Amino acid sequence: MAASRSLALLAVTCVIALAFAIDFEHSGEVSESDVQRSLDLELSGPGGGSQRLQQVEASLRTTYQSLPKNAAGNLGHQAVRYVLHRLFVQRHGWSIRGLEPNNETWHDVSQPHALSEWVPNYLQGVLEQRLGERGTNLRELAGLAASLEDLIDKEAIGRLETAYELHNLPRDRPITPDQAEEVLRTYYVNFLLAGNFSADSRWEAVQKTKRFASRYTGWDAADNWLHALLKPRITGKTAFDFAETSRMVEDIGEEYYKFNDMECLELKSTLRGMEGKKPGRVRLAHFYSKALYSHWRFTEKADYLRVLGALDESDPQSPHVIVSNYIMARPNCLEASHLYAICCRNECEDMMGHLETNIGSATAPPKRIAELVAALSSPSDSVGAPRTLSDALLSRLDQVAASNGGVVPLHGRLFAQWMHHAYPRECPYPHEVGSTSPQTPDEWMSQTGQDDSQASQDEMRKAVAADSCGISWGPGSASQAKDCGGDSELPWNANEELLQVGHAPQSAPAAATAVPTALAAQAAPERRAAAAVVEEAAAVEIAATRGLHRAVDAAVVVGLVAFLAFEFRRASPHCGPGGLKFKDESVESFCRGNASVNWQAIAVFSIVSCVAYVLGLLDSLVFGCALCGSVGSLAIRYFMQENIMVLPTFDACSKSAV
C-alpha cells in the first residue's frame with residue numbers, strides 16, 4: 001500500500017507539472033549582492049588592475065581627459081554617467097537603462113525614473129559612498145564599466161541556463177553540435193523577442209522558433225548573421241561544454257549592433273527621402289502618410305513622439321519629426337535585456353570622439369572648433385568635407401562661446417545644439433532638462449494611462465487631411481516633399497546646460513526593490529511589425545498544438561491514475577489473505593480474469609508513452625512519471641501475486657484450495 005500511495009503522489013506531481021511553462025522574462029536577473037560583488041572583484045586587483053581593466057581604461061582615456069574635472073582632478077557624478085553611456089554605445093550599441101542622455105545627464109537628481117534602471121544607479125552609488133566627495137578617477141571609472149559588463153554577461157548566461165532547462169540538456173557535461181545549435185537558436189529568438197518567450201517543452205520551443213522564422217521577413221539575414229558570428233567557434237568541433245556556449249551568447253549580445261546598424265541605415269535612408277525643406281526633419285503628416293500607404297510602421301502618436309524628444313513643434317501649424325532623435329528613440333530599439341537596449345547608434349558620437357582626440361580638453365576656442373568641423377565629414381556622408389561653414393553656423397558658435405566666457409564647452413547643451421545644426425541628420429537635437437524621457441511604449445502607456453502608443457488609422461488620416469502639403473507616396477513624392485511650404489531654418493534655444501563637476505547628493509544607493517516589467521520587442525519598423533505578426537500567429541498555432549500536447553499529457557496521466565486505481569482495488573480486502581470469501585461471481589471474475597489483461601494494458605501504455613515522447617507530444621516530466629507508474633504498477637502486482645494467485649490449484653479469491 002505504501003508503494004501505491006507513492007505512485008499516487010507521483011501522479012499528482014505530473015498533473016501539477018502540466019500547469020507550468022518555462023519563462024525567460026526573469027532569467028538571469030541580478031541582485032544587490034551581485035552588484036557589490038562584481039564591483040569588488042573588478043577593483044580589488046593589485047596595481048594597475050587586470051589586463052581587461054587596462055583595456056577598458058584605454059578605451060575611456062580620450063573622453064575622460066576631455067571632460068570637466070573637480071578640484072581633485074576627478075569626474076563628478078554626471079560626467080561619470082555621460083562617459084559610461086558613450087562607452088557602451090560606441091563599443092556594443094548598448095543603451096544602458098538609467099544612463100541614457102535624458103534628464104539625468106544634465107542635472108543633479110540621481111534617482112532613476114523607472115525601476116528597471118536601478119542597476120547603474122546602485123552601482124555608482126556604492127562606489128561614491130566609498131569614495132566620498134573626491135570624485136571618480138580613470139581606474140575606478142573602468143571598474144564601473146567592467147562591472148556593468150559582468151552583470152550583463154551574468155544575465156545572458158542565466159537566460160542560456162533557462163534554454164538548457166527547456167531543452168532538457170545537462171550543463172555539467174558536453175552536448176552535441178546539433179543540440180548546441182538548437183539551444184542557441186532558442187536563445188537567439190528569445191533575444192530578438194526581448195525575453196518575451198516561454199514554452200512548456202523543447203517541442204514547443206522548436207515550434208515557436210520555426211513560426212518566428214517563417215513570419216519574420218528579416219529572418220534569413222538575421223540567421224545568416226548568427227551563423228557567420230558563430231562559425232569560427234563551431235567549425236571542427238564535435239562537442240560543446242557550457243562555458244563554450246556561454247561565450248557564444250556573450251558574443252551575440254556584444255556584436256548584434258553590427259547587424260542592427262544595417263536596419264538602422266535602411267530606416268534612415270527612408271526618412272531622409274521624406275525630408276521637407278528643413279534638413280533632418282519630416283512633416284508629421286508625411287510621416288503618417290508613409291505609414292498609410294506603405295509597409296513602414298510610422299505610427300507613433302504625436303504625444304508619444306513629444307515625450308521621446310522626436311517632435312519639433314517650433315511651428316505649431318506644421319509639426320515635424322526630428323529624424324536623428326526618432327531613429328535613436330526607444331520604439332526603434334531592441335529591448336534585448338533588463339539592463340540595456342540595442343538602439344540605432346548615435347553617429348554624432350564618432351564625430352565628438354574626433355573632436356575630443358584633437359582638442360584634448362573640456363573647452364576650446366570657437367575658431368579651433370570651426371577649423372576641425374569644416375574638415376570633418378559625417379559618417380554617412382550626408383555632409384561632405386572639406387566645406388565652408390555658413391555665416392549662420394559661425395555666428396551661432398560665437399554665441400555659444402560668448403555665453404561661456406569666450407570658450408566653447410564641448411559637453412554642454414549649446415554645443416550639442418550647434419552640432420545638430422552642423423549635422424542635422426546625424427546629431428540629435430538636445431532638449432532642455434525635464435522635457436523628454438526615453439520611455440518604451442509600455443512605460444509611456446503605463447504613465448499616461450493611454451491604451452496605445454500607436455495612432456489609429458483614423459487619427460493618421462485626420463492629420464494627413466489637415467496638412468496643407470499633403471502627399472500620397474509614390475513616384476515623384478520625394479521631390480514633392482522637398483518643395484513643401486515653410487522655411488529651412490532649424491530652431492535654436494539659447495539656454496545653456498553644462499555637466500556639473502561636483503558630487504551628486506545621495507545618502508544611499510537606490511535599492512533594488514522591484515524587477516522591471518515586461519518590455520515590448522521593438523526594433524526597426526519592419527522587424528517590429530514582423531514580431532507582432534509572429535506573436536499573434538504563434539499564439540493561434542501554438543494554442544492548437546499545445547492543446548494536442550496537453551491532451552496527450554492528460555491522457556497519459558489519466559491512464560496512469562487508472563492503473564493505480566486498478567491496483568488499489570486489487571489490493572483491497574476483497575482479494576488476498578484476510579479478505580472475505582466471494583459470494584458474487586462478478587467480483588471473483590474481476591480477481592481472476594483481469595490479471596493477464598492488466599499485464600497487456602501496462603505494456604501497451606508504456607509503448608504508447610514512449611512513441612508520444614519520441615514524437616515530441618509528451619512532456620518529459622510526464623513521460624518519466626508514466627514510466628515510473630508502469631514499473632510501480634508491475635511491482636505492486638508482483639508483491640501481491642503470492643496473495644492473489646498463489647498456485648493454479650488454489651482458489652485465488654476465496655482462499656480455499658481446490
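Bear in mind the structure is a predicted one, so any value in this text is a computation, not a measurement.
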Peer 1: Do you know which of I152, V119, L87 makes side-chain contact (heavy atoms from CB on, under 4.5 Å) with I96?
Peer 2: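 Among I152, V119, L87, the one that satisfies the side-chain contact (heavy atoms from CB on, under 4.5 Å) with I96 is I152.
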Peer 1: Taking 4.0 angstrom as the limit, do R37 and D34 come out as a salt bridge?
Peer 2: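 Yes, charged N to carboxylate O under 4.0 Å.
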Peer 1: Is it the case that T245 and Y164 place a side-chain donor and acceptor less than 3.5 Å from each other?
Peer 2: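 On atom types as modelled, these side chains qualify, holding a pair under 3.5 Å.
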Peer 1: Assess, by modelled atom type and distance only, whether the side chains of Q447 and E443 contain a donor and an acceptor separated by less than 3.5 Å.
Peer 2: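 No, no side-chain donor-acceptor pair sits under 3.5 Å.
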Peer 1: Side chain of N70, backbone of R134: donor and acceptor closer than 3.5 Å?
Peer 2: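 Between the backbone of R134 and the side chain of N70 there is a qualifying donor-acceptor contact (under 3.5 Å).
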Peer 1: Please step through side chain to side chain contact (heavy atoms under 4.5 Å, CB included) for the pair K208 and V189, ending with a clear verdict.
Peer 2: CA-CA 9 Å; K208 278 195 170 184; V189 170; over 6 Å; no
Peer 1: Verify, without hydrogens or angle tests, whether T209 (side chain) and A205 (backbone) share a donor-acceptor contact under 3.5 angstrom.
Peer 2: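 Indeed, once roles are kept as given, a pair shorter than 3.5 Å links the two residues.
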Peer 1: Sequence neighbours excluded, which residues qualify as side-chain hydrogen bond (donor to acceptor under 3.5 Å, both in side chains) partners of T176?
Peer 2: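 Only Q179 meet the side-chain hydrogen bond (donor to acceptor under 3.5 Å, both in side chains) criterion with T176.
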Peer 1: Okay, side chain of E349, backbone of V89: is any donor-acceptor separation there less than 3.5 Å?
Peer 2: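 Such a contact is absent between E349 side chain and V89 backbone.
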Peer 1: Side chain to side chain contact (heavy atoms under 4.5 Å, CB included), that's the test. Do H85 and Y82 meet it? Break it down for me.
Peer 2: CA-CA 5 Å; H85 170 75; Y82 174 85; over 6 Å; no
Peer 1: May I have the step-by-step check of ring pair (Phe, Tyr, Trp, His ring centres under 6.0 Å) for W225 and Y256, ending in yes or no?
Peer 2: CA-CA 9 Å; W225 173 84; Y256 185 79; 5.4 Å; yes
Peer 1: So, E347 and R425, do they make that salt bridge, N to O below 4.0 Å?
Peer 2: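 Salt bridge flag = no for R425 with E347.
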Peer 1: Decide whether Q36 and Y122 meet the rule of one side-chain donor and one side-chain acceptor closer than 3.5 Å.
Peer 2: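 The answer is yes; a qualifying pair exists.
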Peer 1: Between R52 and E149, does at least one N-O distance fall below 4.0 Å, as a salt bridge requires?
Peer 2: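 Between E149 and R52 there is a salt bridge, with a charged N closer than 4.0 Å to a carboxylate O.
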Peer 1: Using distance alone, with no hydrogens and no angle criterion, decide if E356 and H411 have a side-chain donor and acceptor under 3.5 Å apart.
Peer 2: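 Side-chain D/A pair, E356 to H411: present.
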Peer 1: Is it true that a side-chain atom of S324 and a backbone atom of C427 form a donor plus acceptor pair closer than 3.5 Å?
Peer 2: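 Judged by distance alone, yes, a pair lies under 3.5 Å.
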Peer 1: Report yes or no: does T63 contribute a side-chain atom to a donor-acceptor pair with the main-chain N or O of L60 at less than 3.5 Å?
Peer 2: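 Pair absent, no side-chain N/O of T63 close to backbone of L60.
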Peer 1: Take the angle between the ring planes of Y216 and F212 and call it parallel below 30°, perpendicular above 60°, tilted in between.
Peer 2: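 Tilted.
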Peer 1: Within the side chain of E42, is there an N or O that forms a donor-acceptor pair under 3.5 Å with the backbone of L53?
Peer 2: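 No; zero donor-acceptor contacts below 3.5 Å.
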Peer 1: Taking salt bridge (charged side-chain N to carboxylate O under 4.0 Å, His left out) as the definition, give me every residue that meets it alongside R173, ordered by chain and number, with sequence neighbours left out.
Peer 2: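 Partners of R173 under the salt bridge (charged side-chain N to carboxylate O under 4.0 Å, His left out) test: none.
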Peer 1: Any salt bridge linking E244 with R233? Criterion: basic side-chain nitrogen under 4.0 Å from a carboxylate oxygen.
Peer 2: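 So E244 does not pair with R233 through a salt bridge.
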Peer 1: Mind running salt bridge (Lys or Arg N to Asp or Glu O under 4.0 Å) on R330 and E335 for me, showing each step along the way?
Peer 2: CA-CA 9 Å; R330 220 46 179 222; E335 304 287 342; 2.7 Å; yes
Peer 1: Apply side chain to side chain contact (heavy atoms under 4.5 Å, CB included) to I322 and H420, showing your working.
Peer 2: CA-CA 11 Å; I322 308 172; H420 174 70; 4.0 Å; yes
Peer 1: Would you check if the side chain of S446 reaches a backbone N or O of D442 as a donor-acceptor pair within less than 3.5 Å?
Peer 2: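 Between the backbone of D442 and the side chain of S446 there is no qualifying donor-acceptor contact (under 3.5 Å).
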Peer 1: Within 45° of the six-membered ring axis of Y326 and under 6.0 Å from that ring's centre, is NZ or CZ of K268 located there?
Peer 2: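 That pair does not qualify as a cation-pi contact.
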Peer 1: Check each of V80, L141, L410, L75 against L67 using the side-chain contact (heavy atoms from CB on, under 4.5 Å) test, and report the only one that passes.
Peer 2: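 Among V80, L141, L410, L75, the one meeting side-chain contact (heavy atoms from CB on, under 4.5 Å) with L67 is L75.
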Peer 1: Would you please name every residue forming a side chain to side chain contact (heavy atoms under 4.5 Å, CB included) with A362, sequence neighbours left out?
Peer 2: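 In terms of side chain to side chain contact (heavy atoms under 4.5 Å, CB included), with neighbours along the sequence ignored, A362 is linked to P68.
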